[in-house]
Amino acid sequence: MQIGFIGVGNMARAIIDGLLATKAVAGTDLHVHSGHLEHYQAYADKIGAHIAPDNATVVADSDVVFLAVKPQITPDVLTEISGTFASRPAYLVSMVSGFDLAALGAHLTASQPILRIMPNLNVAIAAGMTAYAPNAAASVDDQTKAVIGLLAQIGGTVALPEADFATFVGLAGSSPAFVYQFIDAMASVGVKYGLSKKVAVQIAAQAVAGSAQLVLNRDASPADLADAVASPGGTTIRGMLAMQAAGFQNAVVAGLDATIAMDKGE
Ligand SMILES: NC(=O)C1=CN([C@@H]2O[C@H](COP(=O)(O)OP(=O)(O)OC[C@H]3O[C@@H](n4cnc5c(N)ncnc54)[C@H](OP(=O)(O)O)[C@@H]3O)[C@@H](O)[C@H]2O)C=CC1
Ligand SMILES: O=C(O)[C@@H]1CCC=N1
């Protein structure tokens, strides 16, 4: 399968890195084009991808095309590639946030298969979480199974109605940044008490990674696991109550609410 990427920024590279690391694809199967050659030439050369002279050539040379550009320029890019899509059977996968199947399809023919996805950055190490929704043409297309199979190699996947994509952005698309912020805040406290930043980040990140893994591995709720950590009269419950008093839950809810509202265009 020849795979194209229009836009070779943070998210495209995370998907490519994950697919290459799991050997799901070879670099020579990739066809890429992005905004400025000087921003992605070294990366494309390193992975052995074909650099296409323009976005339409990516479509012409690929069986599956990932659209990985910012929402603001998506209409222009779709206009640029719509003619090539109309003339050959390439499959479109869009990760553009806030851009639904109807908005994507408005630029393409009715028979164009489109899979809307919302991945997160952790696909780079095959630990991502990706939501997907096919349009009518894609739901009867064998390529859909193949593409979902590729995505499953770089993390968890979930079929979601488009109406739930904004919620997913809060919980998974954007949330790695929230977790990094949390890890950085924890590490700052390590520095406050004399650890080097590097050691503090390592300790905090491993604690967060292990805690998430335990939630996934055990048939117990996060609240039950917190109870298992918090000894009566101990250090943990004192810290948990102080965090709650300082507005921990309110901060998390406000952050996700703001993310979800923006993705909904509110
Ligand atoms: N980052 C994330 O964690 C996630 C991002 N997304 C979505 O993925 C999409 C890409 O985001 P992200 O990778 O973070 O953004 P980046 O800014 O890192 O990447 C966007 C890429 O698009 C390129 N580009 C600009 N103009 C054109 C053009 N006319 N034709 C082709 N490529 C062009 C840019 O090139 P140059 O810089 O050289 O101009 C850049 O490489 C967005 O729609 C975002 O909502 C979804 C889930 C998670
Ligand atoms: O910040 C953004 O707009 C994108 C969407 C999900 C993650 N990054």
Side-chain angles (χ1 to χ4, degrees), residues 3-19 30-47 49-62 65-85 92-101 103-104 107 114-125 127-133 151 154-158 160 162 164-181 255-266:
I3 301 177
F5 280 84
I6 292 179
V8 189
N10 292 309
M11 198 57 235
R13 290 180 200 213
I15 291 177
I16 292 170
D17 289 348
L19 292 174
L30 302 176
H31 303 263
V32 300
H33 184 78
S34 196
H36 300 83
L37 185 60
E38 65 273 24
H39 290 169
Y40 73 104
Q41 184 164 25
Y43 175 76
D45 288 346
K46 187 183 80 178
I47 63 171
H50 304 277
I51 296 176
D54 50 44
N55 292 326
T57 305
V58 173
V59 180
D61 291 346
S62 307
V65 178
F66 283 82
L67 186 59
V69 297
K70 293 289 190 196
Q72 298 86 325
I73 66 158
T74 295
D76 286 348
V77 170
L78 285 169
T79 300
E80 192 187 334
I81 59 181
S82 58
T84 315
F85 267 115
L92 178 63
V93 182
S94 170
M95 66 194 75
V96 180
S97 65
F99 233 85
D100 65 15
L101 288 165
L104 293 161
H107 295 264
I114 310 172
L115 187 69
R116 181 181 176 196
I117 65 169
M118 179 48 59
N120 74 11
L121 203 66
N122 301 332
V123 294
I125 55 161
M129 187 66 218
T130 302
Y132 62 85
L151 296 170
I154 52 175
T157 59
V158 60
L160 276 187
E162 284 199 281
D164 292 329
F165 263 54
T167 306
F168 183 90
V169 170
L171 289 173
S174 294
S175 70
F178 310 149
V179 176
Y180 304 142
Q181 192 169 252
L256 267 69
D257 276 350
T259 301
I260 292 165
M262 175 149 185
D263 196 74
K264 286 181 170 172
E266 292 168 1

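Scope of the values below: all heavy atoms of this structure, side chains included, with no hydrogens, waters or symmetry mates. Atoms within each ligand, like the ligands themselves, are counted from 1 in listed order. Computed from a predicted structure; not experimentally measured.
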Write out the residue and atom name of the closest protein heavy atom to [atom], then the distance separating them to 0.1 Å.
atom: atom 20 (C) of ligand 1; result: A68 O, 3.7 Å
atom: atom 34 (C) of ligand 1; result: S34 OG, 3.6 Å
atom: atom 25 (C) of ligand 1; result: I73 CD1, 3.5 Å
atom: atom 37 (O) of ligand 1; result: H39 ND1, 3.4 Å
atom: atom 18 (O) of ligand 1; result: N10 N, 2.9 Å
atom: atom 11 (O) of ligand 1; result: K70 NZ, 3.8 Å
atom: atom 2 (C) of ligand 1; result: M11 SD, 3.7 Å
atom: atom 45 (O) of ligand 1; result: S97 OG, 2.9 Å

Q) Does a sphere of radius 6.0 Å around CD in Q181 hold more than 12 heavy atoms from other residues, nucleotides or ligands, not counting ones at 6.0 Å or beyond? A)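 Open: at most 12 neighbouring heavy atoms sit under 6.0 Å from CD of Q181.
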Q: Find all atoms of ligand 2 within a distance of less than 4.0 Å from any non-hydrogen atom belonging to S174, and give their numbers and elements.
A: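 Those of ligand 2 that fall under 4.0 Å from S174 are 6 (C), 7 (C).
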Q: Would you mind running through ligand 2 and noting each atom that sits below 4.0 Å from a heavy atom of G173?
A: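 Ligand 2 atoms under the 4.0 Å threshold to G173: 6 (C), 7 (C).
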Which heavy atom of [X] sits nearest to which heavy atom of [Y], and what is that distance?
X: H33; Y: V58; answer: CB-CG2, 3.5 Å
X: D263; Y: G98; answer: OD1-N, 3.5 Å
X: A56; Y: I81; answer: N-CG2, 3.9 Å
X: S62; Y: I3; answer: OG-C, 3.8 Å

(Q) Quiz question for you: does at least one protein heavy atom lie closer than 4.0 Å to atom 7 (C) of ligand 2? (A)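 Yes; the ligand atom in question has protein heavy-atom contact below 4.0 Å.
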Q) Counting only non-hydrogen atoms of the protein, does one fall under 4.0 Å from atom 4 (C) of ligand 2? A)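 Protein heavy atom within 4.0 Å of atom 4 (C) of ligand 2: absent.
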Q | ligand 1 versus M118: contacting region, heavy-atom distance under 4.0 Å | A |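 It is the side chain that gets close, since no backbone atom is under 4.0 Å.
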Q. So which bit of D76 gets within less than 4.0 Å of ligand 1, heavy atoms only: side chain, backbone, both or neither?
A.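 Answer for D76: neither.
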Q: Might you work through the side-chain contact (heavy atoms from CB on, under 4.5 Å) test for Y43 and D17, ending with a clear yes or no?
A: CA-CA 11 Å; Y43 175 76; D17 289 348; 2.7 Å; yes
Which of the atoms in ligand 1, numbered in the order shown and given with their element, are less than 4.0 Å from a heavy-atom of [X]?
X: M95; result: 6 (N), 7 (C), 8 (O), 46 (C)
X: P119; result: 47 (C), 48 (C)
X: H36; result: 36 (P), 38 (O), 39 (O)
X: V8; result: 41 (O)
X: P71; result: 43 (O)

Q) What is the distance from atom OG of S82 to atom CG of L92, rounded to the nearest 0.5 Å? A)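 Result: 11.5 Å between the selected atoms.
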(Q) Measuring from atom OG1 of T167 to atom CE of M118, what distance do you get when rounded to the nearest 0.5 angstrom? (A)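 Between atom OG1 of T167 and atom CE of M118 there are 12.0 Å.
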Q) Does the pair F178 and L256 meet the rule for a side-chain contact (heavy atoms from CB on, under 4.5 Å), with working shown? A) CA-CA 9 Å; F178 310 149; L256 267 69; 3.7 Å; yes
Q) So, do R13 and V8 sit near enough that their side-chain heavy atoms are less than 4.5 Å apart? A)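 Side-chain contact under 4.5 Å: yes.
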Q. Heavy atoms only: which of V69, D263, V96 is nearest to atom 42 (C) of ligand 1?
A.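 The residue whose heavy atom sits nearest atom 42 (C) of ligand 1 is V69.
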Q) Which option, N55, I15, L121, T130, owns the non-hydrogen atom nearest atom 31 (C) of ligand 1? A)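 That would be N55.
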Q | Worked check of side-chain contact (heavy atoms from CB on, under 4.5 Å) between V59 and I6 | A | CA-CA 9 Å; V59 180; I6 292 179; 4.2 Å; yes
Q) Does the side-chain contact (heavy atoms from CB on, under 4.5 Å) test come out yes or no for N122 and M129, once each step is laid out? A) CA-CA 7 Å; N122 301 332; M129 187 66 218; over 6 Å; no
Q: Identify the residue among T130, I125, V123, I16 that makes a side chain to side chain contact (heavy atoms under 4.5 Å, CB included) with I154.
A: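 So, applying the side chain to side chain contact (heavy atoms under 4.5 Å, CB included) to I154 and each of T130, I125, V123, I16, only V123 qualifies.
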